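Quick notes on the structure that follows.
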Amino acid sequence: MKSVIRKLIISSLDKAKNCGELELLTIPEIVVEKPKDDKFGDFSTSLPMMIAKSEKMKPHEVAKILSNHLKSEENQIASIDIAGPGFINLKMDPNFFLSRLSRVAEQGNQYGSSNSGKGKKVLLEFVSANPTGPLHVGHGRGAAVGDMLGRLLLLAGYDVSTEYYINDVGNQMNTLGRSTLSRYREILGVKNEFLSDYYQGDYVKEIAKEIHDKHGNEFLDSEDEQALPFFRNYALNSILEGIKTDLVSFGVKCDRWFSEKQLYDEKLVDSAVNWLREKKYVYDSEGAVWLKSTVFKDEKDRVLIKQSGEKTYFCSDIAYHKNKIDRGFEWVVDLWGADHHGYVPRMNAALQAMGYDENLFKVLLVQFVALKREGKKVSMSTRSGEFETLADVIKEVGVDAARYFFLMRSSDSHLDFDLELAKKETPENPVFYIQYAHARICSIFRTAVEQGISILDYTDVDLRPLNNEEEFVLIKKILTFTETVEKSAELLEVHRIAFYLQDLVGSFHSYYSRHRVLSSDQCLSSARLFLMDCLRITIRNGLAVMGVSAPEKM
RNA sequence: GCGCCUGUAGUUCAGCUGGAUAGAAUACCGGACUUCGAAUCCGUAGGUCGCAGGUUCGAAUCCUGCCGGGCGCACCA
């Protein structure tokens, strides 16, 4: 909607320039806003104040010129005012909104989609939790945010793929193997020490038990080095399967599972290092191989290959990101837990060393989740084994509430997840408030059918009976859905949709309590039903992009 | 010590690429069901936007300093 207004303003700027009334050597970005107070109209722009200085005119004079041109522009504008220090306020003709409302029903499940992403190829990497234990709530937030971003970018016209990077090599895999082997030996009653840096969680015992069930005492006399590969791989696969299952049951879709091991097998890590060496950003020192990341604002140079000859995690991660870009992605977005933020500068440095534009790569940091139960924080630590798993949370509060709670806050703010609140089926719980609205609208349609009131198609319905204030509040909010999606996608800010829905649905409940949709007036009933249909579509599509269900009955 | 995030109503949070009187939810209090779902609505009240300077027509928003909270600063991943 705002883009329509923006076009009108640009057109009147052109006219003013052609008439010689304005010089317009430079034109700033044209900002169209919805004024906070409705009495200022439907749209406003502060443009006169922004260009007054360069035009050497007073804001009011600029506003006068522009508003004269706007007047002749369109019959869609009901009135134009110049207000305050130099705002232009526009009030639109009711038909401006009504004609756009028809398109909502026409688009149906596609309403909200646009081409603002212009088919840009985006790769979203998210979760990528080390396969050394089950997903916990922190991963859950990353999963929910990443999955929603995928849906959001798709809706906004980006060509998006999602990926999970599996760290299936390195020390932690060995530790996992040793942990499992040690538990296995415990089952066999073989004396051995379970070291403090082993993975403490009970899931390791369960995996060991599974191995014992299938293989009995087959590894009773095996030396560590003989047995470890088997235990490592078994545990890895078992945990990975668990992660996949958790994600599926959380409604999270992942297009590709990318293995770190595969990067090594295909020699992509070596070639990335060699490539950087050719570019003179790699040097040898103290028996190790280093990247000159300080050239690109990292605080110190980083080791790629250790004295031992092993490659660092950073090293293969460079190869991975190079690979992403080689696959043709134009925007590479990573979601990381906030505890990895110190890693951002070195990754940026690595990509710049490889010669890529710094806008190509973007890290979105997802802040921590503080799980609360009856006001008390629940602690999370993989090592101690006292963590709250994602699966447990889903089991307790359900997928819808869990996803909604993860998605209702800005990713870069710390999240208090109140388990008791998420479980409540009362209006304090925001997700129920929205779902209830949807169910309530569906109920109106059921009643309409019972009463034999006809539900007209968008091509047949006469919307003119829609004329009260609350109806227009609703209509205007429905019509901002698409731009909310676009903005949310562009800024990678998922929480905007939750706030939008909360606001939209609040207006609905308020409307509902003041006006009857169904009455003896057929024309009025049809028009209002149509409005309800558009609203239902918007709520459903909004919840869908969050991955939350829109129940017809509750 | 250095770096990143953060500080807005009792609480949880929006608003942050500068705009008009700083918003919502929740809690508290007071109202509203013969009529489409009261899982709802309406109303009252609640604020030195952490503090202090600066930039300008205009600052919660940008800059600087300070204070408080979270998280990082590995030849771990």
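Residue numbers begin at 1 in each chain, while the letters A, B, ... track the order of the sequences. Since the structure is predicted, the reported quantities are computational estimates derived from the model, not experimental observations.
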message: Whether the side chain of A/Lys372 and the base of B/rU11 hold a donor-acceptor pair under 3.5 Å is what I'd like checked.
response: no

- request: Take the protein atom CZ of A/Phe406 and the nucleotide atom P of B/rC13, then report the distance between them rounded to whole Å.
  value: 14 Å

query: At under 4.0 Å between heavy atoms, what does A/Lys487 touch on the DNA or RNA strands: base, sugar-phosphate, or nothing?
result: base

task: For A/His515, answer base if it contacts any base atom (sugar-phosphate contacts may also be present), sugar-phosphate if it contacts only those atoms, and nothing otherwise; contact means non-hydrogen atoms under 4.0 Å.
output: base

message: Taking the P atom in each of B/rC71 and B/rC13, what is the distance between them to the nearest angstrom?
response: 15 Å

- prompt: How long is the line joining CZ of A/Phe87 and P of B/rG58, in whole Å?
  reply: 14 Å

task: Taking syn as within 90° of 0 and anti otherwise, name the glycosidic form of B/rC57.
output: anti

message: Tell me whether the side-chain N or O atoms of A/Glu286 pair up with the base of B/rC75 as donor and acceptor below 3.5 Å, since no angle test is needed here.
response: yes

query: Out of B/rU12, B/rC75, B/rC5, which nucleotide sits closest to the side chain of A/Val303?
result: B/rC75

message: Could you tell me if A/His414 and A/Arg409 have a donor-acceptor pair between their side chains, going purely by distance under 3.5 Å?
response: no

message: Taking atom types as they are modelled, would you say the side chain of A/Asn89 forms a donor-acceptor pair with the base of B/rA20 within the 3.5 Å cutoff?
response: yes

message: When you measure from the side chain of A/Asn89 to the backbone of A/Ser44, do you find a donor-acceptor pair of N or O atoms at a distance under 3.5 Å?
response: no

- request: For the side chain of A/Ala288, starting at C-beta, report the closest nucleotide among B/rG37, B/rC75, B/rA14.
  value: B/rC75

Of A/Phe368 and A/Gln502, the one whose closest RNA chain B nucleotide lies more 5': A/Gln502

task: Name all stems that contain residues of RNA chain B, defined as runs of 3 or more consecutive Watson-Crick or G-U wobble pairs, both distances under 3.5 Å.
output: B:1-7 with B:67-73, B:10-13 with B:23-26, B:29-32 with B:40-43, B:50-54 with B:62-66

- request: Take the protein atom CZ of A/Arg514 and the nucleotide atom P of B/rG31, then report the distance between them rounded to whole Å.
  value: 20 Å

field: Distance, P atom - from B/rC36 to B/rA45, rounded to whole angstrom
entry: 33 Å

query: Has A/His340 got its ring stacked on the base of B/rA77, with centres under 5.5 Å and planes less than 30° apart?
result: yes

message: When the P atoms of B/rU48 and B/rA22 are compared, how many Å lie between them, rounded to an integer?
response: 13 Å

task: Looking at every strand, decide which applies to A/Met408 at a 4.0 Å heavy-atom threshold: base, sugar-phosphate, or nothing.
output: nothing

statement: Which of B/rA77, B/rG37, B/rU35 is nearest the side chain of A/Arg516? It is B/rU35

message: If you only use heavy atoms from C-beta on, which nucleotide in B/rA14, B/rG37, B/rC75 is closest to the side chain of A/Ser410?
response: B/rA14

- prompt: Rounding to a whole Å, what distance do you find between A/Arg409:CZ and B/rU6:C1'?
  reply: 15 Å

query: Where the side chain of A/His414 is defined as all heavy atoms beyond and including C-beta, which of B/rC36, B/rC5, B/rC76 is the nearest nucleotide?
result: B/rC5

message: If stacking means aromatic ring centre less than 5.5 angstrom from the base's six-membered ring centre, planes under 30°, is A/Tyr433 stacked on B/rA39?
response: no

query: With a centroid cutoff of 5.5 Å and a plane-angle limit of 30°, would you call A/Phe499 stacked on B/rA14?
result: no

message: For a ring-ring contact (aromatic ring centres under 6.0 Å, His included) check, start with the C-alpha distance between A/Phe40 and A/Phe87, then their side-chain angles and the critical distance, and finish with the verdict.
response: CA-CA 10 Å; A/Phe40 293 124; A/Phe87 291 96; 7.8 Å; no

- prompt: Is A/Ala448 touching bases, backbone alone, or none of the nucleic acid, heavy atoms closer than 4.0 Å?
  reply: nothing

- prompt: Heavy atoms under 4.0 Å, any strand shown: does A/His509 hit a base, just sugar-phosphate, or nothing?
  reply: sugar-phosphate

message: So A/Phe314, base contact, sugar-phosphate only, or nothing? Heavy-atom distance under 4.0 Å.
response: nothing

- prompt: Strictly by modelled atom types, are A/Lys311 and A/Ser316 linked by a side-chain donor-acceptor pair under 3.5 Å?
  reply: no

Modelled atom types, side-chain donor and acceptor of A/Asn130 and A/Gln172, under 3.5 Å: yes

query: Among the nucleotides B/rG19, B/rG37, B/rA39, which one has an atom lying closest to any side-chain atom of A/Glu425?
result: B/rA39

field: A/Leu421 CG to B/rA25 P, straight-line distance once rounded to whole Å
entry: 15 Å

- prompt: Given the P atoms of B/rC63 and B/rU21, what is the spacing between them in whole Å?
  reply: 24 Å

- prompt: With sugar-phosphate meaning primed atoms plus P, OP1 and OP2, does A/Ser510 contact a base, only sugar-phosphate, or nothing at under 4.0 Å between heavy atoms?
  reply: sugar-phosphate

message: Side chain of A/Phe432, heavy atoms from C-beta onward: which of B/rC75, B/rA39, B/rA77 has the nearest atom to it?
response: B/rA39

task: I would like to know whether A/Phe314 and A/Tyr343 meet side chain to side chain contact (heavy atoms under 4.5 Å, CB included); could you show each step before the answer?
output: CA-CA 9 Å; A/Phe314 179 49; A/Tyr343 193 77; 3.3 Å; yes

- prompt: Of the nucleotides B/rA20, B/rU17, B/rA39, which one has an atom closest to the side chain of A/Ser44?
  reply: B/rA20

- prompt: If you draw the axis of the six-membered ring of A/Tyr512, does the NZ or CZ of A/Arg440 fall within 45° of it and under 6.0 Å from the ring centre?
  reply: yes

message: Would A/Phe258 and A/Tyr164 count as a ring-ring contact (aromatic ring centres under 6.0 Å, His included) here? Give the steps.
response: CA-CA 6 Å; A/Phe258 197 103; A/Tyr164 186 119; over 10 Å; no

task: Nearest whole angstrom, please: distance from the C1' of B/rC4 to the CG of A/Asp339.
output: 12 Å

field: A/Arg346 CZ - B/rC2 P separation (whole Å)
entry: 20 Å

message: Measuring from the side chain of A/Tyr436 (C-beta onward, heavy atoms only), which nucleotide among B/rC71, B/rG19, B/rA39 has the closest atom?
response: B/rA39

field: Spacing between A/Tyr512 atom OH and B/rC33 atom P, to the nearest angstrom
entry: 16 Å

- request: Identify whether any heavy atom of A/Lys300 sits under 4.0 Å from a base atom; if not, whether one sits that close to sugar-phosphate; answer base, sugar-phosphate or nothing.
  value: sugar-phosphate

- prompt: Judged by modelled atom types alone, do A/Tyr283 and A/Asp301 share a side-chain donor-acceptor pair under 3.5 Å?
  reply: yes

Pairs of donor and acceptor atoms involving the side chains of residues 523-535 of chain A, under 3.5 Å and at least two apart or interchain, shall be tabulated with distances.
unit_1	atom_1	unit_2	atom_2	d
A/Ser525	OG	A/Ser519	N	3.0
A/Ser525	OG	A/Ser519	O	3.1
A/Ser525	OG	A/Ser519	OG	3.4
A/Ser525	OG	A/Asp521	O	2.9
A/Ser526	OG	A/Gln522	O	3.1
A/Arg528	NE	A/Glu471	OE2	2.7
A/Arg528	NE	A/Tyr511	OH	3.2
A/Arg528	NH1	A/Arg516	O	2.7
A/Arg528	NH2	A/Glu471	OE2	3.3
A/Asp533	OD1	A/Arg536	NH2	3.1

- prompt: Which listed nucleotide (B/rA39, B/rA14, B/rU40) is nearest to the side chain of A/Met554?
  reply: B/rA39

